[in-house]
Amino acid sequence: MLHERLEAVYDNVLRRNAGETEFHQAVREVLESIGPVLGKHPEYAEQKIIERIFEPERQIIFRVPWEDDRGEVHINRGFRVEFNSALGPYKGGLRFHPSVYLGIVKFLAVEQIFKNSLTGLPIGAGKGGADFDPKGRSDREVMRFCQSFMTELYRHLGEHTDVPAGDIGVGGREIGYLFGQYKRITNRYESGVITGKGLAYGGAQVRTEATGYGCAFFVEEMLKARGTSFDGRRVVVSGSGNVAVYAIEKVSELGGVVVACSDSSGYVVDEKGIDLDLLKQVKEVERRRLSVYADRRGAGAAYVAGRSVWEVPCEVALPSATQNEITGKDAEALVRGGCVAVGEGANMPTMPEGIRVFREAGVAFGPGKAANAGGVATSALEMQQNASRDSWTFEFSERRLQEIMSDIHARCLETADTYGMPGDYVAGANIDGFRRVADAMLALGLI
Ligand code: GLU
């Protein structure tokens, strides 16, 4: 249920952003949480902060022409939505996936506002990408695409203006090509213009691992708050990309047993616990499908094609694949299977009905903007190291990440308590994230 004034804001968002369903969903989730804030702080409504916050500062859409290895020309569409710069330069990743359109980029960018705010670090919010499908493309093709994409985007970027990073389909390889082209066009070695760089050229320790590790740390805090831990618990992680792989690594170190993970064709179940070295070899080194993992792992591991990984019973679920991957029915199955905690490694993986099911069942539910904020937080640490021409050790960087995650967890709980919704991490994250940006926007005047 929405506060009356917020219902009008939402109707306006629907009207002005027709057809962008994921964006509507992300906005609505925030609006459902911030009603109680308006009662306490009439200044937000007076200055139309809520109306302003859901209108992006700038949206860029551009053509990306490139040539494949056979000389055929392809045209993709590139995007960068610069949503909010009240707290710092626009910050957020780039997604290369055929499903990308303006509505996906805007949902990701609006989530980023509250997520980045929650980290407590000086970063604004943006997101971008293209409807390019890197699957099956050679390194040279990916390089040519990245060069063409950056040839347009570079004019909008800068270490104090807009700082992209990776997301689905954009990892270390793509960041290297993007940074190389930016450097060539601008004739500037501006390390802080992009994060997720390789360690050889200005990257930061732990950035690759940060989203997955951070998610595991956040869930560890949620379990601790309930007087328990990962120790010996059965865990299912969806996805098998960057977030999933490092969530599996850290969960295993913390004592959990990850029995299943997935890709877009199905899932693998491995009761002895996922073999991380084999998973990394198949997914990161060879860039192959998850079914190859099951073939090589042999007895004990099975690949189940065309079904949802959420049918595997577990005590902790870490959805780390993509948006809207947990339906209401999946959530019911998870609850029936004994799930006590969910940490979103991906952005908005749980559908609104799923969140409702978890809330009613008393499952500890860590929303993505809190649970996966470790990625962007570590990007801010990379920017900090670039600005001071320094590089920190792995141990120190991981400790900083852990402190940031535990701080986010504490603030979510405290805020939820203050606003009379104890244990509601969704409300805590939305309210705390909103308040910091809103206060900065008020202070900066009508901009
Ligand atoms: N794409 C990541 C996210 O969803 C990371 C963004 C960044 O590091 O800037 O937060």
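Remember, it's a predicted structure, so these values are computed and weren't measured experimentally. Atoms within each ligand, like the ligands themselves, are counted from 1 in listed order.
Numbered from 1 in the order shown, with element, the atoms of ligand 1 that lie under 4.0 Å from a heavy atom of S379 read 7 (C), 8 (O), 9 (O). Atoms of ligand 1 found under 4.0 Å from any heavy atom of A165 (numbered from 1 in listed order, with element): 7 (C), 8 (O), 9 (O). Within the listing of ligand 1, atoms 3 (C), 4 (O), 10 (O) sit less than 4.0 angstrom from a heavy atom of K115. Within the listing of ligand 1, atoms 5 (C), 7 (C), 8 (O) sit less than 4.0 angstrom from a heavy atom of R207.
Between the CG atom of N386 and the OH atom of Y189 there is a distance of 9.0 Å, given to the nearest 0.5 Å. Of the inter-residue distances, the one linking Y213 atom OH with L254 atom CG reads 10.0 Å to the nearest 0.5 angstrom.
G368 does not count as a contact of ligand 1, since none of its heavy atoms falls under 4.0 Å from the ligand. Heavy atoms of K127 come nearer than 4.0 angstrom to ligand 1 in at least one pair.
Side-chain N or O atoms of N372 include one that pairs as donor or acceptor with a backbone N or O of G345 at under 3.5 Å. Using a distance-only test at 3.5 Å, with no hydrogens or angles considered, a donor-acceptor pair links the side chain of E325 to the main chain of A321. Checking side-chain atoms of S262 against main-chain N and O of S238 turns up no donor-acceptor pair under 3.5 Å.
Nearest non-hydrogen protein atom to atom 6 (C) of ligand 1 is G93 N, 3.5 Å. Ranking the protein heavy atoms by distance from atom 9 (O) of ligand 1 puts K91 NZ, 2.7 Å first.
In this structure, the ring of F132 has its center less than 6.0 angstrom from the ring center of W66.
Judged by the 6.0 Å and 45° rule, R77 forms no cation-pi pair with Y101.
When non-hydrogen atoms are compared, ligand 1 lies under 4.0 Å from the side chain of N347 (C-beta onward) but not from its backbone. Here E111 has no heavy atoms under 4.0 Å from ligand 1, in either its backbone or its side chain.
Considering all non-hydrogen atoms of both residues, P65 and S148 come closest at O-OG, 2.7 Å.
In terms of polar-atom proximity, defined here as any N/O pair under 3.5 Å, G166 does make such a contact with ligand 1.
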